[in-house]
Asker: 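Take a look at the following structure, please.
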Protein chains: 2
Amino acid sequence: MLSERQRMILNAIIDDYIRSAEPVGSRSISKRGDVIFSPATIRNEMADLEEMGLLEQPHTSAGRIPSIKGYRYYVDHLVTLDGVGDQDARKLRTFFAEKMNHWEGVIGHAATILSQLTNYTSIVLGPEMFSTTLKHFQLIPINDVSAVAIIVANTGHVEHRTISIPDGISMDDMGKIVNLLNEKLTGVPFYKVKSVLHSEIAKELSRYVEQCEDILTLLEQTITEEQEPKVFFSGASNMLTQPEFKDVDKAKNILGMLEETQLLMQLFQSNPTGIQVKIGTENTLEAINQCSLITATYSYEGQSLGTIGILGPTRMEYGKVISLLNFLSKDIALMMSRWYK
Amino acid sequence: MLSERQRMILNAIIDDYIRSAEPVGSRSISKRGDVIFSPATIRNEMADLEEMGLLEQPHTSAGRIPSIKGYRYYVDHLVTLDGVGDQDARKLRTFFAEKMNHWEGVIGHAATILSQLTNYTSIVLGPEMFSTTLKHFQLIPINDVSAVAIIVANTGHVEHRTISIPDGISMDDMGKIVNLLNEKLTGVPFYKVKSVLHSEIAKELSRYVEQCEDILTLLEQTITEEQEPKVFFSGASNMLTQPEFKDVDKAKNILGMLEETQLLMQLFQSNPTGIQVKIGTENTLEAINQCSLITATYSYEGQSLGTIGILGPTRMEYGKVISLLNFLSKDIALMMSRWYK
DNA sequence: ATTAGCACTCGACGAAAAGGAGTGCTAACG
DNA sequence: CGTTAGCACTCCTTTTCGTCGAGTGCTAAT
C-alpha cells in the first residue's frame, strides 16, 4: 500500500526518532543520505503518511513522530534485525557458561543481563508447574509439629512449603504416606494430581491411617496449591533513563505497576509461542500505554519454561531487542539440552 | 545541653519539615500552638540551633531545615514513638493470620506490607544459613545425568540446586551416600559441614565408592556453596513520591543501587540486634546519602532470621517507622512460636 | 513529479519584573 | 534581662514578555 519511497521515509523517521526521542523534521531526513529527495518532497510524503495515521505531529510547527500504527508497520514490515553484536554475544555466552544450579537463578540472571544489554526493563515469568509432571514428593519433619513438604518436578523445578503435622500421625505413618504418594504420583502431570489423589490414593490411604480425610485435604492443598506466580523484573531504573519518563509521575505509574505481581501477570496473559511485540495502547494495561513490550516464550521439548519480556518506551530499539531475544531463546534451549546431556 | 525550649523548637521544626518537606520559618512554628513564643524569640533560638549544627539554612532568606546532626538528636532524644495505628495493626495481624507456607513468602510479604504502610521502600535480607544446622539432605535424580540436591535447615529453610551426576555412580551408590550424609551431618551447623565432610565422611565414603574424591568435592560445593544472598526490596516506586526525589537523576541513583544486590548487601554489613537508624551520610553508600535507613533484625531462639530495613528520605517519619518495625518484630517472633507451637 | 521560496506557526529560551516568605538587627517593653 | 514589635533587606519563585528558530504548508517555477 505504501510506495517504496514512503517506506524509506517512514523507516528513516522512525530510526531517527528512536535515536533522538525528538520530532523528526523533513530537513534532517533529507540530510541523512539514505533518502535522496529534497525536504519539500519529503514533507509532502510526510503529510500523506500522517493522513494514513502512521505519523503524528505534536504541534503545528514541529517535526513528525511515529504513531502506534506507524510503529506497528515498522515492526511488521520495515525493521531490520541488527543481529547480536560480538560483545553482547560474548556476554551472553559467558553468562551461560557459568554454572547455574537452579532455575530461578538462570532465569533471574538472564533477566538481569538482558536489562543491562538493552538498557530497558526486563520482566520474567517463571515456568508454570501446570505443564510439568511430578517427579518426587518428600516430607521432612522439622520438629514435633511441623514438616517441610518438598515437591520436585521433572524439569528439576523444586517447590517447598512448611505444613503442620495433624495430631495423631506418627513418623511411621508419614513414611507410608510418602511412599504411597511417590508410588502413585510419580510421572503424573500436575494438573491431574488432584483427581489421582481422590480416585486412587484415597482408598489406599484409608487402610493405613484413620483420619484420612484430613490428611487428604492437607496433601491436596500442599501439592496442588496454586504456587505463587514467579514473576519478577530487573532493570526498572533503566526506565528513568528514557527522556519520555523524565516526568516523575509517569515513571512512578510504571514502576508502581511493575511492583504489583497481579498486574504483571496480566501482561503475559496471552502467551503464544515465539516472539510477540505489543506497542503502546496495544497493551491492555493503561499504565504502560506509552511503552512497548516484547515477549518471548521459552520451551524445551514442548514444555513451556517461561516467558521473558523487555519493556521499554514505544520508541524502543525493536531490531536490537528482537534479535537479542531470539538469540537468547536459542541459547537457553541449547543450554538446557547440554544440561540434560 | 539544649534548653527545654530549644528542644521544643527543634522538635517542632523537624516535625513540620517531615510533614511539609519545606524549610520551616519562625512564624509557622509560633502559630503551631505548642511553642508559645513569638517568632522573634524563636528566630533567636533558631540561630543558636544553627550555630550548634542542628539546623541549616538553604539560603539566607529561607526557613530552616534539620541537618543530619539535627535528625540524629531528634532520633536519639526527641522522637515520640507514635505506636501503631489500629488500621495498621489490623493489617499486620490479618497478614500473619494468612497461612504462610515458606520463609521467602513470609519475609517477602512482610516487606510488601511494610512498604505499603509506610510509603517508603523496604529492603529485606533473608535468613543466613550460616547460623542454622542441617536437618536433612536429599538427592533426587531427574534423569540419567542430573539430580536435584535438596538441603533442609532446622529452621525449615530449604535450598536446592541441580547437579550433574558423575559417571560411574549408580542409584545404589547415591542412596548410600545420602544415607551416610544424613547420618553424619544431621544437626551439624552449616559452618562446620565442610570440616565434618573431610574428617568423618571422607573415610567412610571411600569404602562404598571408588572415585570418592570427585564426589566429595561435588558434595562440598553443593552443600557449602555460598548460597546467593537473598536480598530484595519492595515499594521502590514509593521513592518517587518523595519531593526530594522529583529530580529523576537522584531517583535513578537510588533505584539503581537497589537493583545491585552487592551494594544492597553492604547496607546490612553491620548487623547489631534490634533497631538501628542510619541517617543520611551516616550511610557509607553514597547513593543514599540523602536517605535514612532504619533496620531491624529478627531472631527466633537466638537464631538470626534476617534483617528488614525501611529506606526513606532523611526527612522520614522516624517515630512511625520505628514503632512499626518494633511491632512487626514482636509479631514475627510470636508467629514463629505459634508456627512451631 | 520535483523542488525552491516564502510566509506563518508555535514551542523553547532568557531576561526582566513582580511577589513574598523569611531573616537579622535594633529598639522598646515589662 | 529576657522577650517582642518593627523594619529594612535578601533571595528565591513565579510571571510576563519578547526573541529566536526549527519546521511546516502552500505556491509557483523547473
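Keep in mind it's a predicted model, so treat the numbers as computed, not measured. So that the names make sense, note that chain A is the first sequence line, chain B the second, and so on, each numbered from 1.
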Asker: Using only heavy-atom distances, determine whether the side chains of B:Thr295 and B:Thr307 contain a donor-acceptor pair under 3.5 Å.
Answerer: no
Asker: Go through residues 31-39 of chain A and report each residue with a non-hydrogen atom lying under 4.0 Å from DNA chain C, sorted by number.
Answerer: A:Phe37, A:Ser38
Asker: State the CZ-CE distance between B:Arg32 and B:Met8, to the nearest 0.5 angstrom.
Answerer: 9.5 Å
Asker: Whole Å only: how far is the CD atom of A:Glu22 from the P atom of C:dG11?
Answerer: 16 Å
Asker: Looking at every non-hydrogen atom in both residues, tell me the closest pair between A:Glu45 and A:Ser3 and how far apart they are.
Answerer: OE2-OG, 4.4 Å
Asker: Grab the NE2-C1' distance between A:His59 and D:dG21 for me, whole Å please.
Answerer: 11 Å
Asker: Quick one: pull up CZ in A:Arg64 and CD1 in A:Ile14 and give me the separation to the nearest 0.5 Å.
Answerer: 13.5 Å
Asker: Taking B:Thr118 for the side chain and B:Leu114 for the main chain, is one N or O donor matched with an acceptor at less than 3.5 Å?
Answerer: yes
Asker: Could you go through the side-chain contact (heavy atoms from CB on, under 4.5 Å) check for B:Leu311 and B:Tyr120 one step at a time?
Answerer: CA-CA 6 Å; B:Leu311 184 71; B:Tyr120 298 124; over 6 Å; no
Asker: For side-chain contact (heavy atoms from CB on, under 4.5 Å), just list the numbers for A:Asn253 and A:Met257, CA-CA rounded to whole Å, side-chain angles, deciding distance to a tenth of an Å, and then say yes or no.
Answerer: CA-CA 6 Å; A:Asn253 265 338; A:Met257 183 224 49; over 6 Å; no
Asker: Quick one: B:Arg5 CZ to D:dT4 P, roughly how many Å, whole number?
Answerer: 8 Å
Asker: Near DNA chain C, which residues from residues 8-20 of chain A have a heavy atom under 4.0 Å away?
Answerer: none
Asker: Hey, is the main chain of B:Gly53 close enough, under 3.5 Å, to the side chain of B:Ser67 for a donor-acceptor pair?
Answerer: yes
Asker: When every nucleotide of nucleotides 20-28 of chain C is labelled 5' to 3' by its protein contacts under 4.0 Å (heavy atoms), B for base, S for sugar-phosphate only, - for none, what sequence of letters results?
Answerer: -BSBBB---
Asker: Checking B:Asp76 side chain against B:Tyr73 main chain: does a donor-acceptor pair fall under 3.5 Å?
Answerer: no
Asker: Between the main-chain N or O of A:Tyr71 and the side-chain N or O of A:Tyr318, is there a donor-acceptor pair closer than 3.5 Å?
Answerer: no
